[in-house]
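Residue numbering restarts at 1 for every chain, and letters A, B, ... go by the order of the sequence lines. A quick note: this is a predicted structure, and the numbers were derived from the prediction, not measured.
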Amino acid sequence: MSIVNQLQLGVLKSLTSLQNQSFSEKDFQINQTKPEFEGDYTVVLFSLVKTLSLYPEVIGNQLGEKLVNDFPEIFSSFNIIKGFLNLTVADNYWIALLKKNHADICYGKKALTGKKVMVEYSSPNTNKPLHLGHLRNNFLGWSVAEILKANGQEVIKSCIVNDRGIHICKSMIAWQLYANGATPQSTHSKGDHLVGEYYVKFNEAYKEQVAELIASGKTKEEAEKEAPIMKATQQMLVDWEEGKPEVIELWNTMNSWVYAGFDTTYQKIGSDFDKTYFESNTYLLGKDIVQQGLDKKVFFKKEDGSIWIDLTADGLDEKIVQRKDGTSVYITQDIGLALQKYEQFKIDQSIYVIGNEQNYHMKVLQLICKKLGMPNAENIFHLSYGMVELTSGKMKSREGTVVDADELVDEMIATSQKLTEELGKVKDFTAEELKDLYDIIGLGAMKFYLLRVDPKKTMVFNPEESIDFHGFTGPFVQYTHARIKSILRKELGNEEFKNSSIELKSPLLPLEKEVIIQLEQYPTALEEAGKEHNPSVIANYVFNLAKTFNSFYTEHSIGNAETIEKKNLRLQIATMTANIIKSGMQLMGIRVPERM
RNA sequence: GACUUGGUAGCUCAGCUGGAUAGAGCAUCAGCCUUCUAAGCUGAGGGUCAUUGGUUCGAAUCCAAUCCAGGUCACCA
């Protein structure tokens, strides 16, 4: 149990016995004591003043004395300033905590709870390569999955590949028209990039055709409908749904190029999946449900044959679920897949890592599932994250104004190589070790950069400035780890550390204590990150821990500590810090080097 | 227009279940490498927490209104 929880219970118990009435956690507040005051944790007494009609000093004195008396192993002393009761935690409490947990590489992780969740993330379209926004999605999804695992949940990582639909046909048509049979082999390009080029080309051609039609006197709407390239694309979608062999063949070919490209990228960035769904397999499943929905009268058919659901009673609009030509829309297959996931895996929760531009869509999806009486409807959770914007505005694949994922990754790794070479600290590394180190640092910088921000918030990326390697960054944390490891390599063979008993003759120094206090908070941070589905909690925690440790490190020598007891104490602090940094970074998919 | 999310230092972001003098990184300036890795440490300057009003012992945090910005309201996904 965390120190804050123990304190909370202690105050509750003491208050009850002192005042002969019952209290709840909401009647008072516990904070970490501000550095300018003496003490470690603070009970804010103001809210009790009214209910008890006693002066804060009186309540504080009673409470402080009782806590120190009843829990001598936790609290050593207290002081009261205004309405704040500041409690000092006994050094022995911290030392016992260190002794018990410093070598535990699973510190903070929970035992299995039996809860089973699916995290769906990444979900690429096979008409274009991954960009910076997809990276945020991938890192988030992966990290949230790991964080939930650490919180004792069984997690299935899944991915739905959007491999069919009008947008896929756009790339295919443009390739047919303009590519002259170009392949990844013939152009020496990555398959996803090649296909993406033709997606951009489609939109250019489409724009031109529309402009021409408008010039010849058509309205904008007419022009958009009648542009030949769009008509051809729509026909291709119908042909695809009918299984026309040459369309299917082209589709298979181009998709296989894209998959080869994606595999390379996924491997590089460390995305993995336990289950991959293909929309081409799931969209028909949705059609059955549309039929059932019609029978149940949840859906209705319009005169032209299209099928709809009326959500106006819920404050939303009417929503189409099947086109008049019988083809599916996006939401159709989502309904089918939601049910299939539930039936296949018996999951307690289904998490969708999808951008906040789809908030409305996800709301509709959940509502439709509820109306259909599907058992999984309540378990759908949309982990809605903000877009990554450039300083110049939004990224748009259609217009090619995106920060390409592969390029950015390469750039990050190249920068880490350049910096490492400039510092020249690892000259004895083999070529392989160096390559691995550049990956660790470059990817670490990038993942940390994208994960340190609250997922819900839109974030801004400035392509002019490269991602930093100093300060609040992945490499900063990695560096702290490498420095600790360097010390431990030197000292750990030592017998005196193995048979460590830390009988302290002098009190803990402020910086020693500060690090230990933060170490103690890791399980709380982990829990909060899980509850909020928010890796940035971990990023912030791990950065602050590293920062505090660095201050401690420059101020106090570990190897040449004043006494053998101090040395043991500090080695334990260092060991535990390294373990937690490693563990926390791992939850974000960031590796930490032994040396850098 | 309706719904929705946000507005905190020059920039990027924490803090938001109300508590002590609002934090961090970058950038700027000034220091620290014969002692465990300087990708580090110490310090300085930098703020009308969008605005106005309300709630109260106390508001960046809660409530209301206004202004500004993003998103959605597609037979795109």
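With hydrogens and angles ignored, a donor-acceptor pair closer than 3.5 Å exists between the side chain of T42(A) and the base of rA20(B). In the interface, the side chain of D304(A) is paired with the base of rC75(B) through a donor and an acceptor atom under 3.5 Å apart. For rA20(B), the base has a donor-acceptor partner in the side chain of N86(A) [N/O atoms by modelled type, under 3.5 angstrom].
An OP1 or OP2 oxygen of rC36(B) is reached within less than 4.0 angstrom by no side-chain nitrogen or oxygen of K490(A). The side chain of K457(A) places an N or O atom within less than 4.0 Å of a non-bridging phosphate oxygen (OP1 or OP2) of rA14(B). Phosphate proximity of rU37(B) to S486(A): present, with a side-chain N or O under 4.0 Å from OP1 or OP2. Taking side-chain N and O atoms only, R483(A) has no distance below 4.0 Å to OP1 or OP2 of rC41(B). Residue N356(A) places no side-chain N or O under 4.0 Å from the OP1 or OP2 atom of rU5(B).
T88(A) and D40(A) share no side-chain donor-acceptor pair at under 3.5 Å. Under the 3.5 Å distance criterion, with hydrogens and angles disregarded, a donor-acceptor pair is assigned to the side chains of Q333(A) and T282(A). In summary, the side chains of E421(A) and Q417(A) do present a donor paired with an acceptor at a separation below 3.5 Å, with no hydrogens or angles considered. If you check the side chains of N138(A) and S122(A), you find a donor sitting under 3.5 Å from an acceptor. No side-chain donor-acceptor contact under 3.5 Å links T126(A) and D163(A).
Closest to the side chain of I81(A), from the set rA20(B), rC76(B), rC73(B), is rA20(B). The listed nucleotides are rA77(B), rU37(B), rC73(B); the one nearest the side chain of D317(A) is rC73(B). For I558(A), the listed nucleotide lying nearest its side chain is rC36(B); candidates were rA77(B), rG19(B), rC36(B). Comparing rG19(B), rC36(B), rC41(B) against the side chain of S557(A) picks out rC36(B) as the nearest. Distance from the side chain of I320(A) is smallest to rC75(B) among rA77(B), rC75(B), rU37(B). The E357(A) side chain lies nearest to rU72(B) when the options are rA38(B), rA77(B), rU72(B). Side-chain proximity of K324(A) to the nucleotides rC75(B), rA20(B), rG40(B) is greatest for rC75(B). Checking rA77(B), rU37(B), rU12(B) against every side-chain atom of N125(A), the shortest atom distance belongs to rA77(B). In the set rA20(B), rU72(B), rC36(B), the nucleotide with an atom closest to the side chain of Y553(A) is rC36(B).
Here F448(A) pairs with F472(A) under the ring-ring contact (aromatic ring centres under 6.0 Å, His included) rule; sequence neighbours left out.
Y360(A) comes within 4.0 angstrom of sugar-phosphate atoms only, judged by non-hydrogen atoms across all strands, and of no base. Residue S551(A) is in sugar-phosphate contact alone, with no base atom involved, counting any heavy-atom pair closer than 4.0 Å across all strands shown. Residue D325(A) is out of contact with every strand shown, counting any heavy-atom pair closer than 4.0 Å. Heavy atoms of K82(A) sit nowhere under 4.0 angstrom from any nucleic acid atom. As judged by a 4.0 angstrom heavy-atom cut-off over every strand, T420(A) is placed among the base-contacting residues. E279(A) comes within 4.0 angstrom of sugar-phosphate atoms only, judged by non-hydrogen atoms across all strands, and of no base. Residue M387(A) is classed as having no contact, given no heavy-atom separation below 4.0 Å to the nucleic acid. Residue L316(A) is out of contact with every strand shown, counting any heavy-atom pair closer than 4.0 Å. Residue N550(A) is classed as a sugar-phosphate contact, given heavy-atom separations below 4.0 Å to backbone atoms only. Note on H556(A): a base of the nucleic acid sits closer than 4.0 angstrom, heavy atoms only. Using a 4.0 Å heavy-atom criterion, one finds that S47(A) contacts the bases of the nucleic acid, with or without backbone contacts as well. In this structure, V453(A) reaches the sugar-phosphate backbone alone: every heavy-atom distance under 4.0 Å involves primed, P, OP1 or OP2 atoms, never a base. In this structure, A482(A) reaches the bases: a heavy-atom distance under 4.0 Å links it to at least one base atom across the strands shown.
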Anything under 3.5 Å between a protein N or O and an N or O of nucleotides 25-32 of chain B, put it in a table, one pair a line.
unit_1	atom_1	unit_2	atom_2	d
rG25(B)	O2'	F472(A)	N	3.2

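Between the CE atom in M395(A) and the CG atom in L132(A) there is a gap of 4.5 Å [rounded to 0.5 Å].
Straight-line distance from the NE2 atom of H481(A) to the P atom of rU37(B): 14 Å, rounded to whole Å. In this structure, CD of Q29(A) is placed 12 Å from C1' of rG58(B), rounded to the nearest angstrom. What separates CG of L365(A) from C1' of rA74(B) is a distance of 17 Å, to the nearest Å. Whole-Å rounding puts the F28(A) CZ to rC57(B) C1' distance at 20 Å. One can place NE2 of H382(A) at 16 Å from P of rG71(B), the figure rounded to the nearest angstrom. The separation between Q32(A) atom CD and rG19(B) atom C1' is 15 Å, rounded to whole Å. Spacing between atom CG of D454(A) and atom P of rU5(B) amounts to 14 Å, rounded to whole angstrom units. Straight-line distance from the CZ atom of F476(A) to the C1' atom of rC13(B): 16 Å, rounded to whole Å.
At a threshold of 4.0 Å, the pair R164(A)-E279(A) counts as salt-bridged, since one of the basic side-chain nitrogens sits closer than that to a carboxylate oxygen. Residues R570(A) and E491(A) are not paired through a salt bridge, judged by the lack of any N-O separation under 4.0 Å between the basic side chain and the carboxylate.
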Where does RNA chain B pair, written as one dot-bracket string 5' to 3', with Watson-Crick or G-U pairs under 3.5 Å, ( ) inside the strand, [ ] for crossing pairs and | for another strand? ((((((((.[[[[.)...(...]]]].(((((.......))))).....[[[[[..)....]]]]])))))))....

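The same atom, C1', is picked in rC11(B) and in rG71(B); the two are 24 Å apart, to the nearest Å.
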